[in-house]
Amino acid sequence: MTGQAPVIRRARTADIRGIRALVAPLAEQRVLVAKEAVTYYENVPDFVVAELDGRLVGCGALHVMWEDLAEIRTLAVAPEALGSGLGGRILETLVGEARALGVQRLFCLTFETRFFERHGFKEIEGQAVSGEVYAELLRSYDEGVAEFLDLERVKPNTLGNHRMLRTL
């Protein structure tokens, strides 16, 4: 990367191709879940992107799941930006958005446990919600919610991932 710092901003529909390009190699490696293009467009408001010299070099999403709970999703950084602190900047931008929305807990499903631990996440076992909220979340059509609930049908997507939580 150049000496100039990437700008982190809200995603726009025109960014979806760039987001998908960032995510594609990670989805092929099964680090991130592959999603259809329509899913990205439906979730544009969840995303922030990092832009440098007119191209996307990072992205991440904050998906509200319940009154006090949101998930960090699709956090990706271009290979040339790895180790630059950009992933942390994107994550902390999403944390700020979570706080502004009144979210009290952040969940992530990840292989990158050390990265998330450095940002205050702790590994959890079992469910992070009450039985009542669990029953409500079962009504969601969102595959990410199914992964959060650890439903059997999404096990191939979550194999080897760690469930982590951060209290704000």
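Scanning both residues, A81 and L86, for their nearest heavy atoms gives CB-CD2, 4.0 Å. L75 and L91 make their closest contact through CD2-CB, 4.3 Å (heavy atoms, listed as atom of the first residue, atom of the second, distance). The shortest heavy-atom contact between A70 and V64 is CB-CA, 3.9 Å. Of all heavy-atom pairs spanning V33 and Y40, the tightest one is O-OH, 4.4 Å. Residues C59 and I19 approach most closely at SG-CG2, 4.0 Å, considering heavy atoms.
Partners of E97 by side chain to side chain donor-acceptor pair (under 3.5 Å), not counting sequence neighbours, listed by chain and number: R10. In this view, R20 satisfies the side chain to side chain donor-acceptor pair (under 3.5 Å) rule with no residue, not counting sequence neighbours. Residues satisfying the side chain to side chain contact (heavy atoms under 4.5 Å, CB included) criterion with A27, sequence neighbours excluded, are V23, A34. Residues forming a side chain to side chain contact (heavy atoms under 4.5 Å, CB included) with V38 (at least two apart in sequence, or on another chain): E36, E42.
Between L22 and T74 there is no side-chain heavy-atom pair separated by less than 4.5 Å. Side-chain atoms of T167 and R105, non-hydrogen and from C-beta on, do get closer than 4.5 Å to each other. A 4.5 Å side-chain heavy-atom check between L62 and L106 finds at least one atom pair inside the cut-off.
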Going by atom type alone, with no hydrogens or angles, which donor-acceptor pairs under 3.5 Å involve a side-chain atom of residues 113-123 and a protein atom two or more places apart or on another chain?
residue	atom	partner	partner atom	Å
H119	ND1	E92	OE2	3.1
E123	OE2	H162	ND1	2.6

Below 3.5 Å, can you tabulate the donor-acceptor pairs from side chains in residues 43-51 to any protein atom, sequence neighbours excluded?
residue	atom	partner	partner atom	Å
N43	ND2	T39	O	2.6
D46	OD2	H63	ND1	2.8
E51	OE1	R9	NE	3.1

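Between atom CD of residue E67 and atom CG of residue L101 there is a gap of 12.5 Å, rounded to the nearest 0.5 Å. Annotation: the span from L165 atom CG to F107 atom CZ amounts to 8.0 Å, rounded to 0.5 Å.
In this structure, the side chain of R89 engages the main chain of P6 through a donor-acceptor pair within 3.5 Å.
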**OP:** Please lay out, stage by stage, how T110 and I72 fare under the test side-chain contact (heavy atoms from CB on, under 4.5 Å).
**Re:** CA-CA 10 Å; T110 185; I72 300 294; over 6 Å; no
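Side-chain heavy atoms closer than 4.5 Å link hydrophobic residues (I, L, V, M, F, W, Y) into clusters, and following such links, possibly through other members, connects L56 to Y41.
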